[in-house]
Amino acid sequence: MGKITQIHLISLGGIHMSFASNSAINKKVNWGIMGTGWIADRFASDLQYVTNGEAVAVGSRTIESASKFAENMNIPIAYGTYEELVTDPNIDVIYIGTPHPFHIEHVTLALQAGKSVLCEKPFTVNAAELEKLIELAREKNVFMMEAMWTRFLPAIVKVREWIQQGCIGEVKQVRAEFGFQSEWNPQGRLLNPELGGGALLDAGIYPISFAAMIFGAKPIHISSTAEIGQTGVDEHFTALLDYGSGQAALLSGAVRLDLNNDAYIYGTKGHIHIPTFLYANEATLQVNDEDAQLFTAPRSSHGYAYEAEEVGRLILDGQKESSVISLDESLNIIRILDKMREQWGLKYPFE
Ligand SMILES: NC(=O)c1ccc[n+]([C@@H]2O[C@H](COP(=O)([O-])OP(=O)(O)OC[C@H]3O[C@@H](n4cnc5c(N)ncnc54)[C@H](OP(=O)(O)O)[C@@H]3O)[C@@H](O)[C@H]2O)c1
């Protein structure tokens, strides 16, 4: 390998400057935050870096939790029920940060109130649930998107550009994984079947969505294996997705095993490496014998500001979905997860 040239992205408070040129720059969307857990905290805190939106209210199942969250995040209104949150006429879009088995109920609540929705991954626990939500969002004619935040990170946007420009030729293989060793907590969200636990829905959706970003979400053949642990959910898995024409993805996910978490894309003219691809703030392009190109995009936010900025831009522009992660693509990705669970005989108690 020769020397590495560096491309450094200049950022504005964590957001790429190109966002600042959108036509709706002077307008803002009003966000309502549903849930006050781990991810809601990070997402709400990242809204401070967003130029076209702000959090105007938070809703929780208890007023105590809503009030504490609102105070910490400097959000003006706290509601002690999700119903009050979604019926606040001042809110344009609801961010859903509740555990995945409740997404169907909570997204439905927001859509019925005529609100746009950004829903945490996985959108739903199975494809049948997501089909219903997509139908309702289209009937209500509001914006809806799965919070697949990784796709909006500048390093991942650059990777898509490199691929579209043919920098590595025809893409043949993708390898990606996301896994961590969580503590043994059978009641917690990660291992509890009642809360949709397991590696696939929590962590595994990231590498599967990553492969879908490159090859599409309709592999012709899926083979997978998982270890089903004591609580009855998958603690780790590996999947081989065959897309035909020699294109394939080897993917792993885990909630009881530390994985390396990098992603690699191999093409006929070179390859791309993304360290810790889920949180990517850099990527390297290696074209055959040329010097490697390192793209870096340091940020101040946790990384959720990019998806929020894009959702704001699309809503202000009157769009109903994102072309970066469309509703049909999210649905096809959940169909892959359904198929894999079928291969392992894993059904949740509420299914
Ligand atoms: N994008 C990412 O990087 C990322 C990271 C982690 C998790 N996630 C996703 O975000 C979702 C939430 O994960 P989390 O780790 O934030 O979970 P969490 O810390 O357990 O928080 C979930 C919140 O949902 C609300 N909730 C409503 N009904 C609930 C119920 N029956 N049981 C428990 N909580 C309930 C609670 O808020 P109130 O008490 O205020 O109502 C709770 O604080 C999951 O779908 C997960 O896959 C995404």
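Start at 1 and go down the list; that is how both ligands and their atoms are numbered. Numbering starts at 1 and runs along the sequence shown. The analysis underlying the following values was restricted to heavy atoms, covering all of them including side chains, and did not include hydrogens, waters or symmetry mates.
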Does an N or O anywhere in Gly37 fall below 3.5 Å from an N or O of ligand 1?
yes
Taking N or O atoms only and a 3.5 Å limit, does Ala147 qualify as a polar contact for ligand 1?
no
Test side chain to side chain contact (heavy atoms under 4.5 Å, CB included) on Gln286 and His273 and set out the steps.
CA-CA 8 Å; Gln286 177 69 61; His273 173 214; over 6 Å; no
Could you see which bit of His100 sits under 4.0 Å from ligand 1, with heavy atoms only: side chain, backbone, both or neither?
both
Closest protein heavy atom to atom 37 (O) of ligand 1, given as residue, atom name and distance to 0.1 Å
Thr36 N, 3.3 Å
Aromatic ring proximity Trp149/Tyr304, centre distance under 6.0 Å:
yes
Can you check side chain to side chain contact (heavy atoms under 4.5 Å, CB included) on Ile33 and Met73, steps first, answer last?
CA-CA 11 Å; Ile33 310 294; Met73 296 288 161; over 6 Å; no
Taking N or O atoms only and a 3.5 Å limit, does His106 qualify as a polar contact for ligand 1?
no
Among all protein heavy atoms, pick the one closest to atom 16 (O) of ligand 1 and tell me residue, atom and distance.
Ile39 N, 2.9 Å
Please say whether more than 12 non-hydrogen atoms of neighbouring residues, nucleotides or ligands are located less than 6.0 Å from CG in Asn260.
yes
Could you check whether atom NZ of Lys68 has more than 12 heavy atoms from other residues, nucleotides or ligands sitting under 6.0 Å from it?
no
Please compare Pro101, Ser60, Gly97, Ser65 and report which has the shortest non-hydrogen distance to atom 12 (C) of ligand 1.
Gly97
So which of Lys121, Arg42, Glu105, Lys68 gets nearest to atom 9 (C) of ligand 1, if we judge by its closest heavy atom?
Lys121
Applying a 4.0 Å heavy-atom criterion (strictly less than), which segment of Tyr82 is in contact with ligand 1: side chain, backbone, both, or neither?
side chain
Could you check atom 17 (O) of ligand 1 against the protein and tell me its nearest heavy-atom contact, residue, atom and distance included?
Arg189 NE, 3.3 Å
Which part of Phe102 is near ligand 1, with near meaning a heavy atom under 4.0 Å away: side chain, backbone, both or neither?
side chain
Hey, is Glu120 touching ligand 1 through its side chain, its backbone, both or neither, going by heavy atoms under 4.0 Å?
side chain
Atom 11 (C) of ligand 1: nearest protein contact (heavy atom, Å):
Thr98 O, 3.2 Å
Audit row: Lys158, Glu161, salt bridge (Lys or Arg N to Asp or Glu O under 4.0 Å) steps and yes/no
CA-CA 5 Å; Lys158 175 54 79 180; Glu161 260 173 49; 3.1 Å; yes
Logged contact type for His103 with ligand 1, heavy-atom cut-off 4.0 Å, is side chain
Here's a test for you: under ring-ring contact (aromatic ring centres under 6.0 Å, His included), which of Tyr206, Phe178, Phe210 qualifies with Phe277?
Phe210
Measure the distance from atom 32 (N) of ligand 1 to every protein heavy atom, then report the residue, atom name and distance (to 0.1 Å) of the closest one.
Arg61 NH1, 3.7 Å
If you have a sec, work out which protein heavy atom is nearest atom 3 (O) of ligand 1 and how many Å separate them, to one decimal?
Tyr304 OH, 2.7 Å
Nearest non-hydrogen protein atom to atom 2 (C) of ligand 1, with distance, is Tyr206 OH, 3.1 Å
Nearest-neighbour protein heavy atom for atom 19 (O) of ligand 1, which is reported as residue plus atom name and distance
Trp38 N, 3.0 Å
For Phe43, which part has a heavy atom under 4.0 Å from ligand 1: side chain, backbone, both, or neither?
neither
Would you kindly specify which portion of Asp202 sits under 4.0 Å from ligand 1, judged on non-hydrogen atoms: side chain, backbone, both or neither?
side chain
Measuring only between side-chain heavy atoms, which start at C-beta, is Tyr306 closer than 4.5 Å to Asp46?
no
